[in-house]
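What follows is a single structure, written as structure tokens, with notes after it.
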Amino acid sequence: MTEQAKPLCLSGKGVTKIYGFGDRRVAAVDHVDFEFRKGELISIVGESGSGKTTLVKMLLGLTSVTEGEVYFLGERRDISSRKKLRTYWQGIQAIFQDPFSSYNMFNKIDTVLLDCINMRGGRRLPREKKIEMMTEACSFVNLKFAELTNKYPFELSGGQMQRLMIARIFLLKPQILLADEPTSMIDACSRATILDMLLGLRDEIGMTIIFVTHDIGLAYYISDTVYIMEHGKIVESGSADDVILRPSAPYTRRLINDVPKIHEPWDFAARRPAAAEATN
Amino acid sequence: MKTTFRQIFRQANFVIGFSIITLILLVITIYPLFNPGSPLQMIGQGTFFKPGTYVNIYDSLDTSKVYTLRLDDAAANRIGKKLLPADRETMRAWLIAFGLPEESVQIEYTDDLLQLWWNSYDENVRPQGMTSAARKAAARVDAKLAGLYNMESLTITQPDETTGEPAQKMTVSETDYVNVSDIANVRVLPLGTDNFGRDTLKELLAATATSLKIGLLAGCIATLVGLALGLFAGYVGGIVDDIIMFFANLFTVIPGFVLLILISYSIGQESRGATTVAVVIGFTSWVWTTRSVRAQVLSLRNRDHVNLSKLSGHSLIRILVTDILPYIASYVVMALILQICSGILSEAQLSMLGLGPKTTEVPTLGLMMFWGMQYTAHLNGAWWAYFPVIVMIALISFSLNLMNTGLDQVFNPQLRS
Ligand SMILES: Nc1ncnc2c1ncn2[C@@H]1O[C@H](COP(=O)(O)OP(=O)(O)O)[C@@H](O)[C@H]1O
Ligand SMILES: [Mg+2]
């Protein structure tokens, strides 16, 4: 297969995250193995509470990994110091689920974009150059920098905020983008725009996108590879066609059944757990 | 930001508290301009002078301008003052023996008593059942009254400058008055003097200023220390959190006030200035600020904007200052106000125990209470030495708490009605 030929960019072996201890011990992510390949769009699908966000935070190095190893660009990830973390974050970035809590509401929008330029080593660039870069990034996501400058994030709509997050990635140009349900808090109309922009950005700077979602239909529509997560475990993975057209895990089948289909009547009986069990 | 300020100043609670504090601050800054000099100067020889206007006797004799006022009540007041209870009893005994009904003779009302006396007394009448000693006593009182009614002037003499012989200088009549504004030395003591003979009002205002300074310094120290420790404990977590919380717990088990007493005691009376006391109070009261800041930070540190800030490579300090601090700033301001208030109260409590600042340097509200108590002002009826202090402490803590409630209502939408 051609996909096997692509080099690994992020992979993990037995990655585990345990919260709490004693009676309150929760294995949010439980011995997960994965291999994300360069240039692909990988979806991680699972219902809420299945540990997707926890996995993303571990991959970003925002929370510690309880057990297991993460490999970045084929090598064991070393984020033991602040300097190494900073270098790591030049290669891997994220967009979070809730645009409204992703911004520091006391900082102007310019600050968000300027931080990105600074992080890419553009601290000493002349002001005009910085403004030019910010304008370019904004126009990539169909926003006008001239209208946004000196505004605060809460003056924007949720869709605009999320687009600005994509503009941020445009400036940062990371190798890997972890998008944690970036469209779940956005109205359906803006959702398509944002997805288009993400895909456009992938083509523009050639990065790997790891797309986390609870929407298996959306995952099928956009991704090359799909990972299905249930209660902290990966129950199925493979190419989008394999996983979704020929699911093997019962959980995957349930997820597929849960997608409402416009042309079919809504079948309550089939969705009941007992009925789902019987069909297995 | 602007709207927040507008909201705050629309809160009745906050506005009332703020006005009281502003008024107090205005008074304590302006009053010393009109009444300069050290508030610790002992102007009175003796303890607890009543509130009032004090006029120099010599100056009042020496004034060029003398007014004659014929005031009946003035005469009655003067006689009333000089008629001793024993004299009144003697008068009563005579009047009753003379045959007046007992209930009509009431010795408290000087005017009525004198009226009865003038109408009834006759030295030649010998009421039944009176001993001659009692009759003689009555005659003596009558003579005294005649003396008190005498309107003749007093003559004041002074040694003559050349001969040294006593010479008449002036005469002073009962109806002579002077206007206090013509007299060189008039001293108004609206709240009298304290046990050291200090002007209580002046001392009170100076003490309020010092106590507010102590509160402010102690509050700032407690808030800064509490804020810094709370931020680090909450944000960094792990071992840093454990160590900080260990000390916070230590300070919780040993009550702060006991610690405060022990430290103040070991510093010693001589080296305890107002600043030292404020610093000690500040460093023993950071605990609850730390705890509450830490709790707030714990709920903030996993927010996405903090994560994003980390991903943008910001340093720990920068994240604390720009991504955490602004979110808890309103809370910290409220904590600061409460810490100022409790700093003032702590000083008062310490001083009442005799562990406050050195007495000879500055007056504080607590020290005024302490000395009032030491000299038993409450038993002497010298209310002016302690009551205004209590009112001032109550006023400050009332208005600070009111401001806090107002802020709370603005910043805590759940409390908004
Ligand atoms: N900070 C935390 N402390 C304790 N438990 C947590 C924490 N964060 C997440 N969890 C638990 O881990 C599980 C997975 O959560 P999460 O990763 O947010 O799921 P998802 O993003 O798929 O909805 C949940 O059961 C959640 O309760
Ligand atoms: Mg999630």
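To find a chain, count down the sequence lines: A is the first, B the second, and so on, and within it residues start at 1. For the numbers below, each heavy atom of this structure counts, side chains included, while hydrogens, waters and symmetry mates do not.
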| field | Interchain contact, B:Arg318 with chain A, by part (heavy-atom threshold 4.5 Å) | value | side chain
| field | Presence of salt bridge, A:Asp98 and B:Arg303, under 4.0 angstrom | value | no
Using 0.5 Å steps for rounding, measure from the [atom1] atom of [X] to the [atom2] atom of [Y].
| X | Y | atom1 | atom2 | value |
| --- | --- | --- | --- | --- |
| A:Phe100 | B:His305 | CZ | NE2 | 15.5 Å |
| B:Lys310 | A:Trp89 | NZ | CH2 | 6.5 Å |
| B:Asp304 | A:Tyr103 | CG | OH | 11.5 Å |
| B:Leu308 | A:Ser102 | CG | OG | 6.0 Å |
| A:Tyr88 | B:Leu311 | OH | CG | 10.0 Å |
| B:Ser309 | A:Asp115 | OG | CG | 7.0 Å |

| note | For A:Arg82 and B:His314, the nearest pair of non-hydrogen atoms, with its separation, is NH2-O, 2.9 Å
| said: Strictly less than 4.5 Å between heavy atoms, which residues of residues 47-77 of chain A line up against chain B? Please order them by number. | reply: A:Lys57, A:Leu60, A:Leu62
| message | Does anything in residues 147-158 of chain A reach chain B? List residues with heavy atoms under 4.5 Å apart, or say none. | response | none
Answer yes or no: are there more than 12 heavy-atom neighbours, outside [X] itself, under 6.0 Å from its atom [atom1]?
| X | atom1 | value |
| --- | --- | --- |
| A:Lys130 | NZ | yes |
| B:Phe247 | CZ | no |
| A:Phe140 | CZ | yes |

| task | Not counting sequence neighbours, which residues clear ring pair (Phe, Tyr, Trp, His ring centres under 6.0 Å) with B:Phe232? List them please. | result | none
| field | N/O donor-acceptor pair under 3.5 Å between A:Asn104 side chain and B:Thr322 backbone | value | yes
| query | Do side-chain atoms of B:Tyr327 reach the backbone of A:Met105 as a donor and acceptor pair under 3.5 angstrom? | reply | yes
| note | Sorted by chain and residue number, the side chain to side chain contact (heavy atoms under 4.5 Å, CB included) partners of A:Arg191 (sequence neighbours excluded) come out as A:Thr183
| field | A:Arg168 and B:Ser312: CA distance, side-chain angles, deciding distance, side chain to side chain donor-acceptor pair (under 3.5 Å) verdict | value | CA-CA 10 Å; A:Arg168 184 176 167 272; B:Ser312 302; 3.0 Å; yes
| said: If I measure from the heavy atoms of chain B, does A:Met165 come under 4.5 Å with its side chain, its backbone, both, or neither? | reply: side chain
